[in-house]
Asker: 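Take a look at the following structure, please.
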Amino acid sequence: MSPIISVSNLSKTYGSGFKALNNINLGINRGEIFALLGPNGAGKTTLISIICGIANPSQGSISIGGHDIIKDYRAARSMIGLVPQELHTDAFESVWATVSFSRGLFGKPKNPAHIEKVLKDLSLWDKKDNKIITLSGGMKRRVMIAKALSHEPQILFLDEPTAGVDVELRKGMWEVVRTLQASGVTIILTTHYIEEAEEMADRIGVINKGEIILIEDKATLMQKLGKKHLTLQLQHKLDAIPEALAAYKLELSGDGRVVTYDYDTKGDRTGITSLLNDLRNAGIRISDLDTTQSSLEDIFVSLVRAP
Ligand SMILES: Nc1ncnc2c1ncn2[C@@H]1O[C@H](COP(=O)(O)OP(=O)(O)OP(=O)(O)O)[C@@H](O)[C@H]1O
Ligand SMILES: [Mg+2]
């Protein structure tokens with residue numbers, strides 16, 4: 001399947017001379033949820049802005065649904081909805097007008113039923129009074145989503161959709177995103193909430209200092225880079241790890257009562273069963289054990305920290 005968005009050899013140097021993107025190559029598959037992660041200033045917003053035609057590339061090319069974003073600007077842009085990171089709050093005098101106006105920008109005929117549905121889906125509609133509700137910060141973000149959906153785009157960019165949004169609303173936002181995906185929309189989102197990517201994304205891209213340092217299926221990524229950590233509480237104090245157990249590279253706590261074992265989650269041979277057998281054979285008795293698995297957050301931090 002050919003990607004719905006294809007970014008080739010994209011670089012961006014701002015007027016200041018700062019190189020914000022360096023030779024980005026990226027394909028977004030139709031219908032996926034792609035999470036773009038990266039520290040502040042990594043280049044996420046720059047990349048999205050260029051794909052959406054808000055900033056100009058310095059080098060490289062981008063096509064959306066086969067349309068070049070420069071040569072075939074209108075066709076490319078009509079496929080995209082963008083919820084920007086920065087909200088322009090003065091644009092909210094009339095939610096109805098602002099959302100309808102967004103649709104008009106794409107030359108689509110008026111469709112009040114669609115606008116009303118979008119607003120209702122985003123809980124921006126007061127059913128009791130049958131009118132648009134008064135907006136808080138989180139609601140304004142939903143208005144931005146409503147605007148982005150007004151022209152029925154096939155691709156939706158969400159640049160930090162849940163920044164500053166409370167837990168309940170964030171979960172509501174995830175529901176909206178899932179519903180959109182189910183209706184066939186391709187979604188690219190950026191977030192600093194790693195658990196959001198862990199929860200939502202089909203694929204994860206990590207960008208750091210203007211370069212993509214990783215693109216991977218979420219499941220593969222967690223399996224490939226995920227580590228498990230086993231903690232064993234001992235019944236009796238141990239002075240040292242017996243020689244017979246050296247291969248496991250166990251760590252013994254200072255007080256001699258806790259042994260820890262790190263192993264990766266690749267394949268199904270975790271070695272735990274044989275470790276427990278070998279411990280028993282060495283006469284070591286366990287009073288309790290506990291395992292923890294590394295999260296996407298651990299993986300992300302280790303990737304971005306790497307030299
Ligand atoms: N208009 C501009 N002129 C010059 N430099 C810019 C401009 N916009 C962004 N930059 C720089 O480009 C780099 C990437 O910025 P960008 O906004 O793309 O980062 P980001 O990954 O979206 O960060 P955040 O997570 O904070 O939103 C930063 O170093 C930023 O200072
Ligand atoms: Mg940004």
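Start at 1 and go down the list; that is how both ligands and their atoms are numbered. Note that these values count all heavy atoms, side chains included, but never hydrogens, waters or copies made by symmetry. Residue numbers count from 1 along this sequence.
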Asker: Of all the non-hydrogen atoms in the protein, which one sits nearest to atom 9 (C) of ligand 1, and at what distance?
Answerer: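 The answer is Tyr14 CE1, 3.4 Å.
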
Asker: N/O/S atom of Asn40 under 2.8 Å from the Mg ion (ligand 2), yes or no?
Answerer: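 Here the distance criterion (N, O or S atom, under 2.8 Å) is not met by Asn40, so no.
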
Asker: For atom 24 (P) of ligand 1, what is the nearest protein heavy atom, given as residue, atom name and distance?
Answerer: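 So the nearest neighbour among protein heavy atoms is Asn40 ND2, 3.5 Å.
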
Asker: Any heavy atom of Gly38 closer to ligand 1 than 4.0 angstrom?
Answerer: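 No, Gly38 has no heavy atom closer than 4.0 Å to ligand 1.
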
Asker: Would a 4.0 Å cut-off, counted as strictly less than, catch a protein heavy atom around atom 30 (C) of ligand 1?
Answerer: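 Under the 4.0 Å cut-off, atom 30 (C) of ligand 1 has no protein heavy-atom neighbours at all.
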
Asker: Centre of Tyr73's six-membered ring, under 6.0 Å away, within 45 degrees of the axis: is that where NZ or CZ of Lys71 sits?
Answerer: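 No; the conditions do not both hold, so Lys71 does not lie above the ring face of Tyr73.
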
Asker: Are side-chain N/O atoms of Ser58 and Tyr14 paired as donor and acceptor at under 3.5 Å?
Answerer: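 No, Tyr14 and Ser58 have no side-chain donor paired with an acceptor closer than 3.5 Å.
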
Asker: Considering only heavy atoms, which of Ala42, Ala163, Gly41 lies nearest to atom 28 (C) of ligand 1?
Answerer: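 The option holding the nearest heavy atom is Gly41.
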
Asker: Might you confirm whether atom CD of Glu251 has over 12 heavy atoms from other residues, nucleotides or ligands at distances under 6.0 Å?
Answerer: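 No.
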
Asker: Are a donor atom and an acceptor atom from the side chains of Glu196 and Trp174 found within less than 3.5 Å of each other?
Answerer: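 Result is yes, a qualifying pair exists.
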
Asker: When you measure from the Mg ion (ligand 2) to the N, O or S atoms of Thr46, does any of those distances fall below 2.8 Å?
Answerer: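 Thr46 does not place any N, O or S atom closer than 2.8 Å to the Mg ion (ligand 2).
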
Asker: Classify the ring geometry between Tyr248 and Tyr261 as parallel (under 30°), tilted (30 to 60°) or perpendicular (over 60°).
Answerer: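 Answer is perpendicular, since the angle exceeds 60°.
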
Asker: Tell me, please, whether Phe106 has Arg77 positioned over its six-membered ring: NZ or CZ under 6.0 Å from the ring centre and within 45 degrees of its axis?
Answerer: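 Here Arg77 fails the 6.0 Å and 45° test against Phe106.
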
Asker: Output the list of atoms in ligand 1 that are nearer than 4.0 Å to some heavy atom of Ala20, sorted by atom number.
Answerer: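 The list of qualifying atoms is 12 (O).
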
Asker: Under 4.0 Å from a heavy atom of Thr46: give me the atoms of ligand 1 that qualify, with their elements.
Answerer: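 Counting from 1, the qualifying ligand atoms are 14 (C), 15 (O), 16 (P), 18 (O).
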
Asker: Which of the numbered atoms in ligand 1 are under 4.0 angstrom from any heavy atom belonging to Ser16?
Answerer: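 The atoms of ligand 1 under 4.0 Å from a heavy atom of Ser16 are 4 (C).
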
Asker: Should you measure from each heavy atom of Thr45, which atoms of ligand 1 turn up under 4.0 Å away?
Answerer: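 Here the atoms of ligand 1 in question are 17 (O), 18 (O), 20 (P), 22 (O), 27 (O).
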
Asker: Output yes when a side-chain donor or acceptor of Glu32 lies under 3.5 Å from a complementary backbone atom of Asn29, and no otherwise.
Answerer: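 Checked: pair present.
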
Asker: Is there a donor-acceptor contact under 3.5 Å linking the side chains of Gln181 and Asp202?
Answerer: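 Per modelled atom types, Gln181 and Asp202 side chains form a pair under 3.5 Å.
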
Asker: Can you find an N/O atom of Gly43 closer than 3.5 Å to an N/O atom of ligand 1?
Answerer: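 Yes.
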
